[in-house]
**Q** 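The following block contains the structure, expressed as structure tokens.
Below, each value reflects all heavy atoms present in this structure, side chains not excepted, and no hydrogens, waters or symmetry copies. Atoms within a ligand are numbered from 1 in the order they appear, just like the ligands themselves. Note that the numbering runs from 1 along the sequence shown for the chain.
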Amino acid sequence: MSNVLVVGGAGYIGSHACLALREAGHEVVVYDNLSTGHREAVLGGVLVDGDVRDVEKLKEALRNYRVAVVMHFAALISVADSVSNPIAYYEANVEGTLSLLSAMVDVGVEVMVFSSTAAVYGKPDYSPMCEDHPTRPLNAYGESKLAIERAFPHYERAYGLKISKLRYFNASGADSKGRLGEVHDPETHLIPRAFNAVLGGAPLEIFGEEYSTPDGTCLRDFVHVTDLADAHVRVLRHLQDGGESGVYNVGTGSAYSVREVIQMVERVTGQRVPTISSPRRIGDPSSLLAASDRIQNELGWMPIHSDLQEIVESAWRWHQTGWHGSATGDAG
Ligand code: UDP
């Protein structure tokens, strides 16, 4: 088993990946500047407080902890934010990853598992989308992830690295034992925002109700964060067993509309979700649906927790308890 540096390991997906890595027997070192991550999400082990653009600090961490593999989750992730503030997205997501790669090359760490996104695809030509679907991002978030995906083959060839990319669809849900869950501030994601509306916060804005979808709202493929974490462990094992690097979609192949998600939130919470109609969010594709056959066939991954009801139930449990009694409060 290996020492794994989990960059962004105090964030939502990174922290769940740390749990899965530990359960698989790996030693985990979290590297995170806690700008959006949370100290409470680091459940044991080491936390190095550092910025992903600090090459010297990264090198020190790679050396000090004899790191064999890097998992890279640290990124800015809001589609809407990326449209209004692309500088921040290119700096954090592109420059940040390039710093990490430089540190790895200098120290001689050769394996990385990278968080990418379905946002690299843009408007679907067909659905569900496989990994070979054309990549035409609709927003700076997707562009920043695609830019770095495109740099990887050059680094792999020149420096002997192996880098696998996981293109996540809509990460959601929370750890089934209630140890971890989603805490963003401000919260932009649909399910926790629906909970905030149920709990007396502002009504949930529905961003666009006239898309060319069956009920007019966007369709998304919701994948449980614990299933995503398991995908990372499998990809890591594959690379360490001498497998080739690759790109994998991670989604379920089932799409739910924003309205269907709201209905599930109402069923699970037993309360009505107050909603208001809002304009479309710039940069939102009408539909994102994964064909995940590659990771299923090559690595035996299955979305075993990603039934929408289980996703919403686990997220709701977390939202009510969290680390502080109320996971996300008003803002988050
Ligand atoms: N959405 C919405 N109201 C909200 C948050 C999200 O209508 O308050 C919609 C959003 O437009 C998208 C879907 O819900 O169609 C999922 O958005 P989210 O931000 O959760 O994830 P994304 O698809 O951007 O990764």
**Q** Could you tell me which atoms of ligand 1, counted from 1 in the order shown, lie closer than 4.0 angstrom to a heavy atom of E205?
**A**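 Within the 4.0 Å cut-off of E205, ligand 1 contributes 2 (C), 3 (N), 4 (C), 7 (O), 8 (O).
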**Q** So, does D221 use its side chain to make a donor-acceptor pair with the main chain of T252 at under 3.5 Å?
**A**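 Confirmed, D221 side chain pairs with T252 backbone.
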**Q** Is the distance from the ring center of Y168 to that of H232 below 6.0 Å?
**A**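 Yes, the ring centres sit under 6.0 Å apart.
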**Q** Nearest non-hydrogen contact with atom 1 (N) of ligand 1 belongs to which option: F207, Y168, F169?
**A**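 Of the listed residues, F207 has the closest heavy atom.
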**Q** Just to be sure I read this right, does ligand 1 sit under 4.0 Å from the backbone of L288, its side chain, both, or neither, counting only heavy atoms?
**A**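 Neither; nothing of L288 gets under 4.0 Å from ligand 1.
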**Q** Quick check with a 6.0 Å cut-off and a 45 degree axis cone: is R280 positioned over the face of Y211's six-membered ring?
**A**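 The answer is yes; both the distance and angle limits are met.
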**Q** Quick one: look up the protein heavy atom nearest atom 25 (O) of ligand 1 and list residue, atom name and how far away it is.
**A**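 Here the closest protein heavy atom is N170 ND2, 3.5 Å.
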**Q** Does the side chain of V250 reach to within under 4.5 Å of the side chain of F169, using non-hydrogen atoms?
**A**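 Answer no - side chains too far apart.
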**Q** Got L47 and R39 here, is their nearest side-chain heavy-atom distance under 4.5 Å?
**A**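 Result yes, sub-4.5 Å side-chain heavy-atom pair found.
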**Q** Which of the atoms in ligand 1, numbered in the order shown and given with their element, are less than 4.0 Å from a heavy-atom of T188?
**A**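 Close to T188: 5 (C), 19 (O).
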**Q** Out of V258, L190, D284, whose heavy atom is nearest to atom 6 (C) of ligand 1?
**A**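 The residue whose heavy atom sits nearest atom 6 (C) of ligand 1 is L190.
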**Q** Does CD1 belonging to I276 count more than 12 external heavy atoms closer than 6.0 Å?
**A**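 Yes - once you tally the heavy atoms of other residues, nucleotides and ligands closer than 6.0 Å, there are more than 12.
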**Q** Considering only protein heavy atoms, which is closest to atom 8 (O) of ligand 1, and at what distance to one decimal place?
**A**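 Answer, as residue, atom name and distance: R193 NE, 2.9 Å.
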**Q** Check each atom of ligand 1 against the heavy atoms of C218 and keep those under 4.0 Å away; list them by number with element.
**A**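 Answer, ordered by atom number: 15 (O).
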**Q** Can you name the atoms of ligand 1, numbered from 1 with element, that are less than 4.0 Å from a heavy atom of I206?
**A**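 Those qualifying, in numeric order: 7 (O).
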**Q** Determine, considering heavy atoms only, which of R281, R220, H189 sits nearest to atom 17 (O) of ligand 1.
**A**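 Nearest heavy atom to atom 17 (O) of ligand 1 lies in R281.
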**Q** Would you say the side-chain atoms of D227 pair up with the backbone N or O of I304, donor to acceptor, closer than 3.5 Å?
**A**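 Confirmed, D227 side chain pairs with I304 backbone.
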